[in-house]
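These notes concern the structure reproduced below.
Letters A, B, ... are given to chains in the order of the sequence lines, protein chains preceding strands, and every chain is numbered from 1.
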Amino acid sequence: MCFKLPELPEVEVIVRDLKVNVVGQRISHIEIFTPRLLQGISAQEFSASISGETVRSVDRKGKYILFYFNSMVLEVHLRMTGRFFFSLPQRPIDKFTRAIFHLHGEKKLEYHDIRKLGTFKLFRKEDIIKAPSFQLGIDPLAGNFSLTTFESIMREKPASRIKSFLLNQKNIAGLGNIYTDETLYRAKIHPMTRVGHLGKDEIQILYNSLRDVLSEALKFRGTSFSDYRDLWGKRGKFQDFLRIYRRSGETCPECDQVIIRQVIAGRGTCFCPGCQRQK
DNA sequence: CTCCGTGCCTGTGAGC
DNA sequence: TGCTCACAGGCACGGA
């Protein structure tokens with residue numbers, strides 16, 4: 001099976017490139033081919049709100065992408081298979097093209113989504129604090145994501161299992177299944193461990209592991225198995241450096257035990273029973 | 001409070 | 001070879 005969902009590093013790569021390439025650009029018009037992604041509002045209403053508007057800034061909150069216009073904000077979540085890319089004027093739409101933003105000249109920003117689970121939500125600027133992207137926990141790339149902050153957030157949820165804790169966007173924003181498994185493996189923590197059972201030293205190791213995994217993934221422009229691409233259709237390279245995710249059945253290079261896969265917090269979870277012992 | 005199941009989706013690939 | 005069907009998981013929601 002080949003797939004990849006965009007998590008924090010992938011969305012960060014997309015947003016950095018969008019900042020350079022679409023900020024300051026005017027949207028001449030928008031085509032919507034799959035109205036379901038608009039979550040209730042009509043394609044006409046959506047198009048009328050944004051057509052003719054200039055993109056003032058692009059931002060990321062967790063896995064959400066925010067496009068700021070003059071008076072409106074568009075909040076996009078790519079979910080499992082959503083992606084943006086620039087395409088040539090003559091490129092025909094395919095069955096997975098869900099929307100096209102027509103920019104200055106004949107430039108097109110396409111939104112492509114095999115499974116149609118992505119969402120586009122419009123907010124007036126003054127209402128943006130009501131948006132889902134504003135109800136999230138701290139972003140691990142934010143300047144104030146310190147060890148002290150991380151520890152205090154963890155102390156609030158002692159009964160949570162660490163895997164659930166890291167996946168919950170209201171605690172830490174942006175982690176999905178891949179990066180939680182990678183982080184826990186590096187920190188040598190069993191995914192079922194209660195947050196309250198982790199000592200100060202383990203929290204420090206977890207914090208460092210999380211930062212390392214995310215910064216390395218960013219350096220390689222994200223993880224691509226099949227679906228994820230940047231704005232130019234290029235793959236990330238971090239999949240070659242994943243140590244635990246999708247490696248069940250392989251031998252752990254650290255301890256020679258066989259990596260196992262088990263459903264934890266409702267997700268397929270890969271971990272090493274030798275390195276990540278449950279306390 | 002935390003956990004669990006369900007629904008949304010469709011390409012993939014294991015198994016018959 | 002061709003078909004069926006469980007599975008992948010981010011998030012919202014309802015209920016235990």
Practice task
Dump the intermediate steps for side chain to side chain donor-acceptor pair (under 3.5 Å) on A:Thr251 and A:Asp256, then the final yes or no.
Solution key: CA-CA 5 Å; A:Thr251 301; A:Asp256 291 340; over 6 Å; no

Exercise for the section: Using a strict 4.0 Å threshold on nitrogen-to-oxygen distance, state whether A:Asp17 and A:Arg221 make a salt bridge. Expected result: yes

Please list, pair by pair, any protein nitrogen or oxygen found under 3.5 Å from a nitrogen or oxygen in nucleotides 6-8 of chain B.
{"unit_1": "B:dC8", "atom_1": "O3'", "unit_2": "A:Arg36", "atom_2": "NH2", "d": "2.5"}

Exercise for the section: Can you tell me the distance, in whole Å, between the CD atom of A:Gln39 and the C1' atom of C:dC11? Expected result: 10 Å

Problem - side-chain N/O A:Tyr179 vs C:dG10 OP1/OP2, d < 4.0 Å - result: no

Handout entry: Main-chain N/O of A:Gln276 paired to A:Tyr185 side chain as donor or acceptor, under 3.5 Å
Key = no

Handout entry: A:Lys188/A:Glu254 ion pair, N-O < 4.0 Å
Key = yes

Exercise for the section: For C:dG10, take OP1 and OP2 only and decide whether either is under 4.0 Å from a side-chain N or O of A:Gln169. Expected result: no

Problem - salt_bridge(A:Asp230, A:Arg83) N-O dist < 4.0 Å - result: no

Exercise for the section: Keeping to residues at least two apart or across chains, list the salt bridge (Lys or Arg N to Asp or Glu O under 4.0 Å) pairs with something in residues 128-151 of chain A. Expected result: A:Arg60-A:Asp139, A:Asp127-A:Lys130, A:Glu151-A:Arg155, A:Glu151-A:Lys200

Handout entry: Residue A:Arg261, side-chain atoms from C-beta onward, closest of B:dC3, C:dG9, C:dC11
Key = C:dG9

Practice task
Kindly say if A:Arg267 contacts the phosphate of B:dC3, meaning a side-chain N or O under 4.0 Å from OP1 or OP2.
Solution key: no

Exercise for the section: Using a cut-off of strictly less than 4.0 Å, decide whether A:Lys170 has a side-chain nitrogen or oxygen near OP1 or OP2 of C:dC11. Expected result: no

Exercise for the section: Report the distance from atom CD of A:Glu10 to atom C1' of C:dG9, rounded to the nearest whole Å. Expected result: 14 Å

Practice task
Round to a whole Å and report the spacing from CZ of A:Phe120 to P of C:dC11.
Solution key: 16 Å

Fill in the blank from the handout: From CG of A:Leu136 across to P of C:dG10 the rounded distance in Å is 14 Å

Handout entry: Whichever hydrophobic residues join A:Leu136 through chains of side-chain contacts under 4.5 Å
Key = A:Tyr64

Exercise for the section: In whole angstrom, give the distance that lies between atom CG of A:Leu78 and atom P of B:dT10. Expected result: 17 Å

Problem - Interatomic distance, A:Leu167 CG vs C:dC11 C1' [rounded to whole Å] - result: 12 Å

Handout entry: Of the listed nucleotides C:dG9, C:dC11, B:dC3, the one nearest the side chain of A:Tyr64
Key = C:dC11

Exercise for the section: Report the residue (A:Phe96 or A:Glu156) whose heavy-atom-nearest nucleotide on DNA chain B is the more 5′ of the two. Expected result: A:Glu156

Problem - Phosphate contact (C:dG10 OP1 or OP2) by A:His77 side-chain N/O below 4.0 Å - result: no

Problem - Any A:Lys163 side-chain nitrogen or oxygen under 4.0 Å from OP1 or OP2 of C:dG9 - result: no

Practice task
Rounded off to whole Å, could you give me the CE-to-P distance for the A:Met80 and B:dG11 pair?
Solution key: 14 Å

Problem - Length of the line joining A:Leu37:CG and B:dT10:P, which is rounded to integer Å - result: 13 Å

Exercise for the section: Identify which nucleotide among C:dG10, B:dG11, B:dT10 has an atom closest to any side-chain atom of A:Arg115, counting heavy atoms from C-beta outward. Expected result: B:dT10

Exercise for the section: Looking at every strand, decide which applies to A:Gly266 at a 4.0 Å heavy-atom threshold: base, sugar-phosphate, or nothing. Expected result: nothing

Problem - A:Arg261 (side chain) donor-acceptor with A:Cys270 (main chain) under 3.5 angstrom - result: no

